[in-house]
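Side chains are part of it too, since the values below use all heavy atoms of this structure and drop only hydrogens, waters and symmetry mates. Letters A, B, ... mirror the listed sequences (proteins, then strands); counts begin at 1. These figures come from a predicted structure and were not determined experimentally.
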There are 2 protein chains.
Amino acid sequence: MRIRTPADLGTLIRSTRKKLQLDQSTLAKKIGVSRLWLVEIEKGKPRAEIGLVLRTLDALGISLNATTPESQSPKRPESTVDIDRIVATAREPRK
Amino acid sequence: MRIRTPADLGTLIRSTRKKLQLDQSTLAKKIGVSRLWLVEIEKGKPRAEIGLVLRTLDALGISLNATTPESQSPKRPESTVDIDRIVATAREPRK
DNA sequence: TTGCAAAGTAAGCGAGCGCTTACAACTGGA
DNA sequence: TCCAGTTGTAAGCGCTCGCTTACTTTGCAA
């Protein structure tokens, strides 16, 4: 499953928890957070701590894989200066 | 790359940022956070908000995939009744 | 219907977030 | 060497986290 937003995470966590037939209390205890926290997370809370979220995924046996686009060439900001002009000017004999 | 801890995230973000030849300030602006926040994240801060972290990955073009273990069969609590015995008994001609 | 477990809501509190401003340390190039 | 760009550190502040306690709502079964 593709994770883009906190809501995605909430959905994933909730469905996985149900698949494993765990109730919020027991899962919360396993993770080391309060049940209330789980409620909020499953609702898609965007300001939760990553540390706890990662522990949650771990507790559910979910593994996260990051794919960095190889294709994306190392983009250098396009120059705002005309280096050729500058060089040409510099080459001109000073008066 | 496998993501297990906030430190993993920090490493990934930093290396990807460098690959894209972005400095902290410009990336921070792109994400909508302060440069200081980025410094902390790249150090592996465990208590940052997921929302911001996800936005960061997005800004870097990194996609996250969650793999829930198919293997793990949806465990149903083992039955306390011996259905075979019951059926067998039911089959017996009533006296 | 009554009863119970699971899930959701509400309020109050200490702790730490992420922000800004400011300065220091580390680079690489002139 | 000096200098500019990049990165790291420090302090102070408003805000919200995640926690606890307590109550309400929902779902299901007796």
Self-check item: Closest-nucleotide ordering on DNA chain C, the 5'-leading residue of B:Arg47 and B:Leu38
Solution: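 By nearest-heavy-atom nucleotide position, the 5'-most residue is B:Arg47.
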Quiz item: Rounded to the nearest Å, what distance is computed from the CD1 atom of residue B:Ile41 to the P atom of nucleotide D:dG8?
Solution: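 Taking CD1 of B:Ile41 and P of D:dG8, I get 13 Å after rounding.
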Exercise. Can you check whether any acceptor in the base of D:dG8 is under 3.5 Å from a donor in the side chain of B:Arg35, or vice versa?
Key: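 Under the 3.5 Å cut-off, the side chain and the base do form a donor-acceptor pair.
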Which nucleotide sits closest to the side chain of [X]: [options]?
X	options	result
A:Gln24	D:dG8, C:dA7, C:dC17	C:dA7
B:Leu36	D:dC19, C:dT20, C:dA7	C:dT20
B:Arg14	D:dG18, D:dT7, C:dT9	D:dT7

Exercise. Examine the side chains of B:Thr26 and B:Asp23 and answer whether a donor and an acceptor come within less than 3.5 Å of each other.
Key: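 Yes, B:Asp23 and B:Thr26 have a side-chain donor paired with an acceptor closer than 3.5 Å.
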Self-check item: Basic-acidic side-chain contact under 4.0 Å: B:Asp8, B:Arg2
Solution: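 No salt bridge links B:Asp8 with B:Arg2.
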Exercise. Check every strand shown and say whether B:Glu49 touches a base, only sugar-phosphate, or nothing at a heavy-atom separation below 4.0 Å.
Key: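 Answer is sugar-phosphate: B:Glu49 comes under 4.0 Å of backbone atoms only.
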Practice problem: Please figure out whether B:Ser25 or A:Lys45 has its closest DNA chain D nucleotide nearer the 5' end. | Solution: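 So the residue in question is B:Ser25.
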Quiz item: Does the side chain of A:Leu57 come within less than 4.5 Å of A:Ile13's, by heavy atoms?
Solution: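 Result yes, sub-4.5 Å side-chain heavy-atom pair found.
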Quiz item: How about B:Pro46 and A:Ile50: do any of their side-chain heavy atoms sit closer than 4.5 Å?
Solution: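 With C-beta onward as the side chain, the pair stays apart.
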